[in-house]
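See structure below.
Naming convention: chains lettered A, B, ... in sequence-line order (proteins, then strands); numbering from 1 in each chain.
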There are 2 protein chains.
Amino acid sequence: MQAKPDSVIKGDCLEALNTVADESIDLIYLDPPFFSQREHILAKRDGSEEFRFSDNWESLNSYIQFLNVRIELCKKKLKPTGSLFLHCDRSAGHYIKVMLDEVLGRENFQSEIIWTYRRWSNSKKGLLSNHQTIFFYSKSADFKFNQIFDAYSPSTNVDQIMQLRVRDFRNKTVYQKDNNGDSVLAAEKKGVPLGDVWDIPFLNPKAKERVSYPTQKPILLLDRIISLVTHPGDIVLDPFCGSGTTLVAAKIMNRSYIGIDRSGDAVKLSLKRLQNPVKSSSKLLEKGRDSYRKNNSEIESAVKEVGGVTVQRNKGIDGLLKTEVGMVPFKVVLSGDDILNHAQLISKSSSKNKFKKRALFARYKVKTGEVKKIENEFNLIVFTTLSELSEKLRI
Amino acid sequence: MQAKPDSVIKGDCLEALNTVADESIDLIYLDPPFFSQREHILAKRDGSEEFRFSDNWESLNSYIQFLNVRIELCKKKLKPTGSLFLHCDRSAGHYIKVMLDEVLGRENFQSEIIWTYRRWSNSKKGLLSNHQTIFFYSKSADFKFNQIFDAYSPSTNVDQIMQLRVRDFRNKTVYQKDNNGDSVLAAEKKGVPLGDVWDIPFLNPKAKERVSYPTQKPILLLDRIISLVTHPGDIVLDPFCGSGTTLVAAKIMNRSYIGIDRSGDAVKLSLKRLQNPVKSSSKLLEKGRDSYRKNNSEIESAVKEVGGVTVQRNKGIDGLLKTEVGMVPFKVVLSGDDILNHAQLISKSSSKNKFKKRALFARYKVKTGEVKKIENEFNLIVFTTLSELSEKLRI
DNA sequence: AGGGAGCCTGAATCCTCAA
DNA sequence: GTTGAGGATTCAGGCTCCC
């Protein structure tokens, strides 16, 4: 029996992979259990349904052995020009890499991709872990690869990227000149080749894309992997397809796909998602994290000067200050700003009366009469120094 | 013989470490050769001198063995509350980690720190590697650790930061309410705990901090490591001290230090740097990479729309376009902008007549008369579509 | 074919010059 | 004199080319 393209198979990939033709796959993406030694459960918001899978193992050895035999099979299924991406984290990543080197060959190791994201912090001793690792191997030196370009760093100057350079008699690099003494310009510039550290937002717990499957990966991540090493019409295989993100991404990008999962629930969910493949978008994904940045450097340094915490996403609040009466939100008023307008903004912000006190941090000398008026009318504190603030708080 | 604090010892650390008292060190930072299988050479700017070290090995096994015996020694020298940081890259990092787990205990592995940076690129098949790895192990569960806080992500909103949260009956997180149904505010917020992906600028080739030693690390990186796990007065040990960056950072932060290196040149250089410890500062370090960013999202999306490359560091140029006559710089004119002013800016940019043609990309309907006038006066092309640009270029 | 020499590149600094 | 815009320069990874 032969696995059809664009299908999702229920079963352990150790058996299911035998139904896939040898040397027929362009990209294999594996997102196996990470050796977290725990059960993963995620319930739908309304509690109606829950998905779970077990990530408990007898030993590290048995886990690596489990992967080993499956990777050997995967290797067989890859075209000579194909690539394999394995997603893991620090739980067992290094042992996996040593095994991959053995099975796929150290010379075929292309990249250690770091997927980094911001997520909710849990205060613990040590560094907050906010990355996972993806190992990128090709089957041979002659693998398919589509160069992707990123923007230049903002600190790069045009002259430098546009002008061709040569070496002078002292072997120093200098700008090339033509016979007239004019600079020689580059014919084409596309940007910087994509690096191996990818800052891609973690799937927000509330994102529409979410289907309540534990360890669901953002489509954007799969998107990038698929476009790096495949062309339209190529076949993508995911032996641990889970909620089917890889398959959905492949379908959206006009690639064929084969998904495999041991769990019947996972297969059902994948098939359901594939009927209506959606890629969620958000301001964060489209415009980038910096589009949320509101404060300019003058405001930020004012916040820092008084030891405050910077707040970006609220029109009325520039920072938070720790005081005797708890955290106090404040807005910075620069010379030239309309102080009345600022008073209104901070008063309206966080409407639900969450804060006992709010403050305006004036960076210039405000007239005493105006201070009094604003403080009364808006129930605010206007301050220019920290001691002034704490004095006014004490009253 | 006993190694004195604040000293630099010439010799292989395998022997030199024996002069260090057992359980006396708070932090060991190791930056050994990475198994790059090549010689690292760097000459001084004036060519007067050169520093080199060899990173050639018989086999991966002999390299790991070399490290193994030295790490065992290091472990002995660490205080029970001490930590060890090992710097490496993907050449052998995964094999090192497996060995470290064995020597220091998997339970004492704290973090895989990713040091990421931007650097020169090179057109190659595959992803541009722009990270190195630092493994962070403690000697015991009871290790010294100073929590460091980062700024909140710009997309974080105040309500999230300030309101306490609890888990509801389904174990989902919800905002905590008091008896009146009002939100309960957090007492103090310092920011997000520092993560394990560190974006720290690579030591720039032009930086004054450079001392012409190959593979020199930025002081800022060591700064962060030292402040994470030591207090003033503690002892920092670097068994592969090279140019002495670790020792300089330790000295600046009032920690004691012991450096070891096989090369007499390295020891001499370290001692010299320690006489006058300097930490370089720059606009990038102080204000951040975004301080170079000039274009807003409206301009950037205009540049993207015509397939251009964004330019940030030039007042007169917003982007570059590939055309039949080579790359053409252009500036975006939004409705409401002063088009004459923009024409002046782009004309003045890159003064030395480097570009054959410059253009203004008008995002609104400019009067035909005004277009003619600007094109003649400033020798510019004004366009609203790509086809208009290429048509005008053909003439 | 194998190894070494040299080429290409852009980040971020230093430096220069103009306002 | 001071500020800041932008032009010039160095470094090292990975490639290409040449013997």
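- Within the nucleic acid shown, B:F202 has no heavy atom closer than 4.0 Å to any nucleic acid atom.
- Salt bridge present: B:E305 and B:R363 bring a charged side-chain N and a carboxylate O closer than 4.0 Å.
- Spacing between atom CZ of B:R210 and atom C1' of C:dA12 amounts to 11 Å, rounded to whole angstrom units.
- Two residues, B:S129 and A:N157, neighbour DNA chain D, and the one matched to the more 5' nucleotide by heavy-atom proximity is A:N157.
- OP1 or OP2 of C:dA11 lies within a sub-4.0 Å distance of a side-chain N or O belonging to B:R118.
- What separates CH2 of B:W120 from P of D:dC15 is a distance of 15 Å, to the nearest Å.
- Each of D:dG7, D:dC11, C:dA11 was ranked by its minimum atom distance to the side chain of A:V192; first place goes to C:dA11.
- Nearest nucleotide to the B:N314 side chain, out of C:dG10, D:dG6, C:dT13: D:dG6.
- Side-chain atoms of B:R313 and base atoms of D:dG6 include a donor and an acceptor less than 3.5 Å apart.
- Rounding to whole angstrom units, CZ of residue B:R119 and C1' of C:dT13 are separated by 17 Å.
- Straight-line distance from the CD atom of B:Q312 to the P atom of C:dA11: 12 Å, rounded to whole Å.
- Between A:F149 atom CZ and C:dT9 atom P the separation is 11 Å, expressed in whole Å.
- Separating the CD atom of A:E188 from the C1' atom of C:dC8 is a distance of 16 Å, rounded to the nearest angstrom.
- Under 4.0 angstrom from either OP1 or OP2 of C:dA12 there lies at least one side-chain N or O belonging to A:S153.
- Mapping B:Y213 and A:V174 onto DNA chain D via the closest heavy atom, the residue that lands nearer the 5' end is A:V174.
- Protein atom CG of B:L128 is 11 Å distant from nucleotide atom P of D:dC15, rounded to whole Å.
- At a threshold of 4.5 Å between non-hydrogen side-chain atoms, the residues A:Y152 and A:I161 count as touching.
- Stacking of A:R165 on the aromatic ring of A:Y175 is not recorded, the 6.0 Å distance cut-off and the 45° axial limit not both being met.
- For the pair B:I346 CD1 and D:dA5 P, the computed distance is 17 Å after rounding to whole Å.
- A:F135 has its ring centre less than 6.0 Å from the ring centre of B:H94.
- The phosphate of D:dG4 (OP1 or OP2) has no side-chain N or O of B:K315 nearer than 4.0 angstrom.
- Between B:K322 and A:E188 there is a salt bridge, with a side-chain nitrogen of the basic residue lying less than 4.0 Å from a carboxylate oxygen of the acidic one.
- A donor-acceptor contact under 3.5 Å is formed by the side chain of A:Q160 with the base of C:dA11.
- For B:K208 and A:A151, each mapped to the nucleotide of DNA chain C holding its nearest heavy atom, the one lying further toward the 5' end belongs to A:A151.
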